[in-house]
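Here is the naming used below: chain letters follow the sequence lines, and residue numbers restart at 1 for every chain.
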There are 2 protein chains.
Amino acid sequence: MTAKRVPPAQLAPQLRDAITRLNRRVRQARPVGDLTVTQLSALTSLNLAGALTPRELADVERVQPPTMTKIVAKLEERGLVQRTPHPTDGRQVILAATEGGRAVLDQFERARNEWLASRLAALSEEERDTLRRAADILQAIARA
Amino acid sequence: MTAKRVPPAQLAPQLRDAITRLNRRVRQARPVGDLTVTQLSALTSLNLAGALTPRELADVERVQPPTMTKIVAKLEERGLVQRTPHPTDGRQVILAATEGGRAVLDQFERARNEWLASRLAALSEEERDTLRRAADILQAIARA
DNA sequence: CCAGGCTCATTAGTTAAGCTAACGAGTGTG
DNA sequence: CACACTCGTTAGCTTAACTAATGAGCCTGG
């Protein structure tokens, strides 16, 4: 199992294809829950970060501030997100997931992971290790 | 570099996170082109299939027929799709990508791969090999 | 020390993308 | 050949994204 030389130009389309296809599959495996993909994504980011201003959350989600205003409004309606004033800056607002928001996230997360986890369970230890290392590399690329 | 034991329940979220994030990044790396993701997807499917009726294309894209009517109308406006009457059935219409449509597809495809390829080029040979093996495994999972 | 410029969040208004319901033209069969 | 069914489209609604503009609050240079 020596490392074979892999030209990037050849690997790129192959990897991209694998990722987009798998992404579609994972997305299809979601509960009929009443949260839209956009709302779920924002809530996830917010929960991961702990607390963010609307601007920061918009940047994370790669969305314009007015768009985030609406998304947050819907999440707040359902009591999944809490809005508190910034301690020193009167312009800003602090957003955080509520207990209920975290509960909803857990539920979605579990349903999504189940499908993929069952596939992974069918692989060999070695294949899973390859995927683990690949996941690290891919996360680094995505973050860059 | 021995294979470490990786429980599927732990790998699944990590891998899913890596994939969804990378997928977002790849999608964002599109030319400022005036085509939306939806339009691009429909055009791609149409090009792959060669020729389809609106109904068939709607099924492929998992969209309702009226939605496809609008998408096709926009693509037709730009001269990327051609509409010809069905030879025997007066109700139906045959859709096909024009030469211009195929040219646009090529251009998008290239731009998307370029972004990823440049990231891959910065990795070590060994890392690229890990990704190549991972891509094979992931494609198999997605296909299942 | 305060006037002007900047930042933050929101509001207003537009466009795209999805849906269901309904309709008109065309097909085909009992 | 009348009637039911299919195909594509139109009409009207919802959600999600955008840009432009607004109002509140902050901060700094003269």
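- At a threshold of 4.5 Å between non-hydrogen side-chain atoms, the residues B:Q14 and A:Q139 count as touching.
- At least one side-chain heavy atom of A:W115 sits less than 4.5 Å from a side-chain heavy atom of B:I141.
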Hey, what are the protein-to-nucleotides 20-24 of chain C N/O distances that come in under 3.5 Å?
none

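- Rounding to whole angstrom units, CG of residue B:L57 and P of C:dA17 are separated by 13 Å.
- Side-chain heavy atoms closer than 4.5 Å link hydrophobic residues (I, L, V, M, F, W, Y) into clusters, and following such links, even through other members, never connects B:L43 to B:I94.
- Along DNA chain C, the nucleotide nearest A:D89 and the nucleotide nearest B:K70 are compared for position; the residue whose nucleotide lies closer to the 5' end is A:D89.
- You can see that DNA chain D meets the heavy atoms of chain B within a 4.0 Å-exclusive cut from D:dT6 to D:dG12, reading 5' to 3'.
- As rounded to whole Å, 15 Å separates atom C1' of C:dC19 from atom CG of B:D59.
- Residue A:R83 has a polar side-chain atom (N or O) positioned under 4.0 Å from OP1 or OP2 of C:dT10.
- Pairs passing the side-chain hydrogen bond (donor to acceptor under 3.5 Å, both in side chains) check and including a residue from residues 91-101 of chain A, sequence neighbours excluded, read A:D89-A:R91, A:D89-A:Q92, A:E99-A:R102.
- To the nearest 0.5 Å, the span separating CD on B:E76 from CG on B:L95 amounts to 8.0 Å.
- Counting heavy atoms from C-beta on, the side chains of B:E114 and B:R119 never come closer than 4.5 Å.
- Summarising the geometry, the separation between CG on A:L95 and P on C:dA9 is reported as 8 Å, rounded to the nearest angstrom.
- Here the side chains of B:T36 and B:Q39 are in contact, with some heavy-atom distance below 4.5 Å.
- In the set C:dG18, C:dA17, C:dC8, the nucleotide with an atom closest to the side chain of B:K74 is C:dA17.
- OP1 or OP2 of C:dA17 lies within a sub-4.0 Å distance of a side-chain N or O belonging to B:T38.
- For the pair B:M68 and A:Q39, nearest-nucleotide mapping onto DNA chain D gives the more 5' position to B:M68.
- By the 4.5 Å heavy-atom criterion applied to side chains, A:L131 and A:L123 are counted as neighbours.
- Within 3.5 Å, a donor on the side chain of A:R91 pairs with an acceptor on the base of C:dT7, or the reverse.
- Side chains of B:V72 and B:V93 form no contact here, defined as non-hydrogen atoms less than 4.5 Å apart.
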